[in-house]
Amino acid sequence: MTEKQVRTRFAPSPTGYMHIGNLRTALYGYLFAKSQKGTFILRIEDTDRARYVADAVDFIVRTLDAARIVPDEGPDIGGDYGPYVQSERMEIYKEYAEKLVKLGHAYYCFCDPDENHSTGEFGGYDRTCRDLSPEEIKAHLDNGDPYVIRQKMPLTGETTYFDVLHGNITIPNSELEDQVLLKRDGMPTYNFANVIDDHLMGVTHIIRGAEFITSTPKHVLLYQGYGWELPTFIHLAPVMGKNEDGSVSKLSKRHGATSFDDLVKMGYLPEAITNYVALLGWNPKTTNQEIFSMEELIGAFSLEGLSKSPAVFDYDKLGWLNGEYLKAMSDEEFAERAKDFVENVPDYLEKNWGKLCSLLRTRVARFGEIGEQIAFLIEQPAFDASLYVNKRNKVTVEKAQELLPDMIALLETIDEDGWNNDNLYAKLEAYIAEKELKKGLAMWVLRIAVAGQSITPGGATELLEMLGRKISLERLKKSLANLTAL
RNA sequence: GGCGCCAUCGUCAAGCGGUUAAGACACCGCCCUUUCACGGCGGGUUCAUGGGUUCGAAUCCCAUUGGCGUCACCA
């Protein structure tokens, strides 16, 4: 006996935006399928014409590709169960809706959606259309009256289904309304198309957000109505965002960047985002490993590691993880990819780009921070003399006034050829020894004078090298002038 | 409001009846050090509350509280 081939699917509606929560859903579906040597399907649920977004399908395909989540079947690659875009499957839904009417689990409803038919419990309709005679229905249909097809829910009892994460979930049938299956425009609703397609496409495991927990009994009743085998349900806990007041709510734009694309634009690496998102609601149980390649994720993934409680998206941790990826990257790759995140870099920095990047590597959590990190190298900030004061190194403004002229004089004796970190450092070290100074004291003064800010990527001599002889000396003299003018 | 889901450090989390309640991020301290970062070492009243069950409960049950979801011809 061979186990049934696992088939999972990611079924987004084309909104032109890949929310981190959706990405995670896609990722788990992919990881589970791949870990079981199964098939991962991409299906587009575009049954809401009002919300149609141009090129959204292309966007989804590109985003999944960037995240290295690769479908085995889908709109752009085909497969044996297509089409994979719901708007191209309308005849199928119509056929199955009518079939369900014949089976006695659905009925035609001719109620006007704009008219309030509510007799109490549900808005927009009452159940009178359930009792229409065949003659009445035929009359309406012959007359060309618009209609919807509604699911005929049991009025009593309850429906129970099994969820891998939550166990048995039971909902009283009285909570279930006779939901619309086929809309006036002939399009199916989500709750209908989803079931039809999942069955027709042979989906074995439905991995989706927890927001569907309470509507799943409707789906179950549909499966049962057709006499179809139930798939396995796995409802994922939502991804939350932290509010300013400390409370949490479902991750949304007000929490900052919430789409895969936004994060990439901020300079987080796609592989780091995927890695972080994987850990947000799942853990490998048997190891404390946190850095995972996609292959490793596939190898380590199991449904048991999924969490059933909501997880708060933490930009700090994402930043840390991204930093780990950055540090693991080759110098060349870092320098190359970092270029996309800066503009108007002056020649002298361009020339030393590789060296600058090596200074930046351990100091940025993402590429997007590079711009602000190097701003002072492009233009020296105006700064107050109090910046020279540093308690630990016993630096005072007077000390700065005393040492800076000497150091400038020393630096002027070093020519272009000797203007590099090692040599500058050696020369200054000799000077410091001769004067019996503290290294921290002299270097601090020099660094502040040339940088104009207290925290910098790299030490004094590294900055001197980066800026080059000419600009360094200009900056130092300017700072000295400001100091003596006090 | 009805119905449903959830509840271990600030955050992600391990734990599945007997543990000194892991680990990571963040935070704090120390070390390293030409600042910062990196790196190293160390630190912290975390089991929502109240009842059970049990020799024994973070682990099982119930209630309470809180958070979230859902009640569309949206998905």
Side-chain angles (χ1 to χ4, degrees), chain A residues 11-15 45-48 50-51 109 111 113 121-125 146-150 163 165-166 169-172 174-177 179-191 193-194 208-217 235 237-238 240 242 246-250 276 279-290 305 307-321 323 327 359-365 373 390 392-393 395 425 428-429 432 438-448 451 453-463:
Chain A
S13 61
T15 60
E45 310 220 327
D46 60 342
T47 57
D48 184 2
R51 288 214 273 177
C109 175
C111 294
E121 64 268 59
F122 300 122
Y125 81 104
Y147 66 91
V148 298
I149 291 180
R150 287 183 184 277
D163 180 288
L165 257 43
H166 302 102
I169 291 175
T170 301
I171 309 271
S174 57
E175 292 292 320
L176 276 25
E177 67 170 293
Q179 65 172 349
V180 169
L181 265 22
L182 208 63
K183 301 187 254 186
R184 285 193 163 214
D185 63 4
M187 281 287 190
T189 55
Y190 164 84
N191 286 307
N194 199 262
R208 65 186 5 162
E211 63 269 29
F212 297 111
I213 285 179
T214 41
S215 51
T216 299
H235 288 103
M240 313 296 280
K242 185 171 240 149
S247 64
V248 296
S249 51
K250 203 167 175 180
Y276 174 69
L279 260 19
L280 199 60
W282 172 81
N283 84 81
K285 300 275 187 185
T286 54
T287 168
N288 280 331
Q289 182 179 347
E290 296 204 277
S307 170
K308 58 181 174 177
S309 52
V312 178
F313 191 93
D314 183 1
Y315 291 92
D316 279 335
K317 183 123 190 188
L318 203 215
W320 167 77
L321 199 56
K327 278 174 236 161
L359 294 179
L360 258 15
R361 271 165 87 83
T362 59
R363 287 166 239 259
V364 296
Q373 281 278 335
N390 178 267
R392 196 181 132 211
N393 288 312
V395 190
Y425 188 78
L428 282 162
E429 209 173 26
I432 288 162
K438 268 194 67 177
K439 193 188 290 175
L441 168 66
M443 291 299 194
W444 179 280
V445 170
L446 193 56
R447 194 175 57 84
I448 297 298
Q453 64 184 32
S454 60
I455 295 173
T456 58
T461 58
E462 286 167 319
L463 296 179

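The sequence lines fix the lettering, A, B, ..., with proteins before strands; numbering per chain opens at 1.
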Any idea which of [options] is nearest the [X] side chain?
X        : options             : answer
A/Tyr190 : B/C71, B/A75, B/A7  : B/A75
A/Glu177 : B/C5, B/A72, B/U11  : B/A72
A/Asn191 : B/A75, B/C73, B/C68 : B/A75

Please give, in whole Å, the distance from [N] [atom2] to [X] [atom1]?
X        : N     : atom1 : atom2 : answer
A/Glu211 : B/G4  : CD    : C1'   : 14 Å
A/Asp316 : B/U11 : CG    : C1'   : 9 Å
A/Ile455 : B/C36 : CD1   : P     : 8 Å

Practice prompt. Return the set of residues passing ring-ring contact (aromatic ring centres under 6.0 Å, His included) with A/Tyr276 (not counting sequence neighbours), or none when no residue passes.
Written response: A/Phe313
Worksheet item: What residues in residues 182-189 of chain A put a non-hydrogen atom under 4.0 Å from any atom of RNA chain B?
Response: A/Lys183, A/Arg184, A/Thr189
Would you please name every residue forming a side chain to side chain contact (heavy atoms under 4.5 Å, CB included) with [X], sequence neighbours left out?
X        : result
A/Thr287 : A/Pro284, A/Gln289
A/Leu359 : A/Arg363, A/Glu462, A/Met466
A/Ala210 : A/Ile213, A/Pro238
A/Ser13  : A/Thr15

Can you list the residues that meet the salt bridge (charged side-chain N to carboxylate O under 4.0 Å, His left out) rule with [X], with sequence neighbours excluded?
X        : answer
A/Lys308 : none
A/Lys438 : none
A/Asp48  : A/Arg51
A/Arg361 : A/Asp331

Item to complete: Answer whether the closest heavy-atom distance between the side chains of A/Leu165 and A/His235 falls below 4.5 Å.
Response: no
Protein-nucleic acid N or O pairs under 3.5 Å, nucleotides 31-34 of chain B:
from  : atom 1 : to       : atom 2 : distance (Å)
B/U33 : N3     : A/Arg392 : NH2    : 3.1
B/U33 : O4     : A/Arg392 : NH2    : 2.7
B/U34 : OP1    : A/Tyr425 : OH     : 3.2
B/U34 : OP1    : A/Lys439 : NZ     : 3.1
B/U34 : O2     : A/Ala460 : N      : 2.6
B/U34 : N3     : A/Thr461 : OG1    : 3.2
B/U34 : O4     : A/Thr461 : OG1    : 2.9

Item to complete: Indicate for each nucleotide in nucleotides 17-24 of chain B, in 5' to 3' sequence, whether protein heavy atoms under 4.0 Å reach the base (B), only the sugar-phosphate (S), or nothing (-).
Response: -----BSB
